[in-house]
Amino acid sequence: MEQHDKPKSGKGPRLRFETLAIHAGQQSDPNNGAVMTPVYFSSTFEQDAPAQPRQGYEYSRTSNPTRTALQDNLAALEGGRWGLAFGSGLAATNALCDRLRPGDHVVAMNDTYGGTYRLFMRVFRHYGVEFSFVDATDTGAVERAFKTNTRYLFLESPTNPLLSVCDIAKLAALAKKRGVLTIVDNTFATPYLQRPLELGADVVLHSLTKYIGGHSDVVAGALIGNDEELRKDLAFYQNAVGGQLGPMDAFLVLRGVKTLPLRMDRHCANAQRIAQALTQHPLVEKVFYPGLTTHPQHELAARQMKAFGGMVSFELHGGIPAANAFATTTELFTLAESLGGVESLVEVPASMTHASIPAEERKKAGLSDGLVRLSVGVEHVDDLLADVQQAIERSAVPAKLAAR
Ligand SMILES: *Cc1c(COP(=O)(O)O)cnc(C)c1O
């Protein structure tokens, strides 16, 4: 075996996460030694004879070497056998839904990403797929929602934006008994903090746009799993529908993923400090962060995750006006949708990322219109704390006034 063919992951001594993030799926270019994976801007590949592609590549909708490098990297990080990269997180969710047929049923958690809800209810429901939304922190509620035609259990943990945590191992075991596939949207945790496949899930879903890309400069998504039949099925839809990731975007995600562990350590440390400061502030009504001992699933999160992530949500005294004022008063936290980049962002989910969920459904899930969501970046924590402090003081309404 040539030097460049030596697998850097896979068999042999198991490499640690930080090492895999940099090396898995990567090799120096066999032609010229380029250390970084080249961006293969080629839609098509020369064949040696009809239907005999030289290295398995024919046409870039089907497969592309830059995309392969990313897919192999992500598979290694999630502890899976395969990965498939898509043009967005929703394109990845769409590929999963493409496998469903009229009359099939999906159990999803009620506090799911707004775009996922929209894809289910405004696209696939019209094709005859049935969806039930349940509080997945309640294992019994999930069990009761299963029907004979249930194909998928669709989980997210921690959830967006309420940071609820569900017991992936327990729920995946329940689903398995009924032949239901468990899918976990692992966007918030990333494989650095949580590996759902090791907990019994069948497929991990990512919006790579967020922490894995990490620099707010690319939209991308992925599915990762172990079962080869399932991979073939999903790769069929990826190719047949055409929602695959382009080579430049695959390169950007690959560049980002190498520093994922470094960034996540800082995101988690900063978020923990900010969550704690918020709980101590008299103008703050409620704080949602799984790293707080007061969080209803704190112990489960501590067991299931390596750390608690970089997302913090909270409610101010003064409801919607206070939330809107806060979101426009921060100086370092930019008012914008999305999350997981190095820079801190703030948003009001009910009127922004989650506006596609009907008001009554939001209310049922406990998502108040005055909830503020922070994506805590990797800046110096003291600067972030000072910014949050000044914005609260200039926006929240003291409880006594709010009650009038
Ligand atoms: C952003 C997001 C998605 C959708 O991903 P896109 O890349 O925006 O299509 C799915 N799930 C979660 C949790 C997200 O935050």
Side-chain angles (χ1 to χ4, degrees), residues 67 70 74 78 83-98 106 108-124 133 136 152 154-166 168 183-191 193-194 196 201 203-224 238 241-246 249-250 252-253 256-257 264 267 271 288 290 305 309-313 336-341 345-350 352-357 365 367 371 373-377:
R67 196 165 94 224
L70 172 63
L74 296 174
E78 284 288 0
L84 291 168
F86 294 83
S88 69
L90 281 176
T93 311
N94 182 87
L96 285 165
C97 293
D98 284 338
V106 173
M109 63 192 303
N110 59 359
D111 182 18
T112 192
Y113 171 69
T116 304
Y117 180 89
R118 183 177 55 201
L119 179 67
F120 288 169
M121 297 304 277
R122 298 198 41 202
V123 181
F124 282 92
F133 295 90
Y152 290 163
F154 193 96
L155 304 173
E156 215 178 291
S157 188
T159 60
N160 177 7
L162 290 173
L163 287 319
S164 307
V165 175
C166 65
I168 297 171
I183 297 151
V184 178
D185 183 335
N186 204 28
T187 299
F188 268 38
T190 82
L193 303 184
Q194 169 175 286
V203 181
V204 169
L205 167 80
H206 276 289
S207 169
L208 303 172
T209 315
K210 316 295 169 52
Y211 288 104
I212 292 184
H215 296 76
S216 308
D217 54 7
V218 60
V219 172
L223 299 175
I224 297 115
Q238 185 187 45
V241 176
Q244 83 298 332
L245 188 65
D249 291 346
L252 286 171
V253 177
V257 78
M264 287 314 288
H267 282 298
F288 301 82
M305 303 172 72
M311 301 300 295
V312 179
S313 294
E337 297 195 353
S338 200
L339 60 109
L345 300 178
V346 58
E347 69 125 0
V348 181
M352 296 171 68
T353 46
H354 291 64
S356 53
I357 301 177
L367 201 178
L371 187 83
R373 188 189 78 178
L374 300 177
S375 173
V376 180

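Just so it is clear, the structure is predicted and the values come from calculations on it, not from any experiment. Counting convention: from 1, in listed order, for ligands and their atoms alike.
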Criterion ring-ring contact (aromatic ring centres under 6.0 Å, His included) on Phe154 and Phe120, from CA distance to verdict: CA-CA 11 Å; Phe154 193 96; Phe120 288 169; 5.2 Å; yes

Ala91: side chain to side chain contact (heavy atoms under 4.5 Å, CB included) partners, not counting sequence neighbours: Phe86, Ser88

Name every donor-acceptor pair, under 3.5 Å, that has one atom in a side chain of residues 157-166 and the other anywhere in the protein, sequence neighbours excluded.
{"from": "Ser157", "atom 1": "OG", "to": "Cys166", "atom 2": "N", "distance (Å)": "3.1"}
{"from": "Thr159", "atom 1": "OG1", "to": "Asp111", "atom 2": "OD2", "distance (Å)": "2.3"}
{"from": "Thr159", "atom 1": "OG1", "to": "Leu163", "atom 2": "N", "distance (Å)": "3.3"}
{"from": "Thr159", "atom 1": "OG1", "to": "Ser164", "atom 2": "N", "distance (Å)": "3.0"}
{"from": "Asn160", "atom 1": "OD1", "to": "Arg373", "atom 2": "NH1", "distance (Å)": "2.7"}

Holding to side chain to side chain donor-acceptor pair (under 3.5 Å), I want the full list of residues that pass it with Tyr113, two or more places apart in sequence or in another chain. none

Polar side-chain atom of Thr112 near backbone of Ala108 as donor-acceptor pair, under 3.5 Å: no

With distance as the sole test, does Thr187 use its side chain to make a donor-acceptor pair with the main-chain N or O of His206 at under 3.5 Å? no

Neighbouring residues of ligand 1, heavy-atom cut-off under 4.0 Å: Ser88, Gly89, Leu90, Tyr113, Glu156, Asn160, Asp185, Thr187, Phe188, Ser207, Thr209, Lys210, Ala220, Leu339

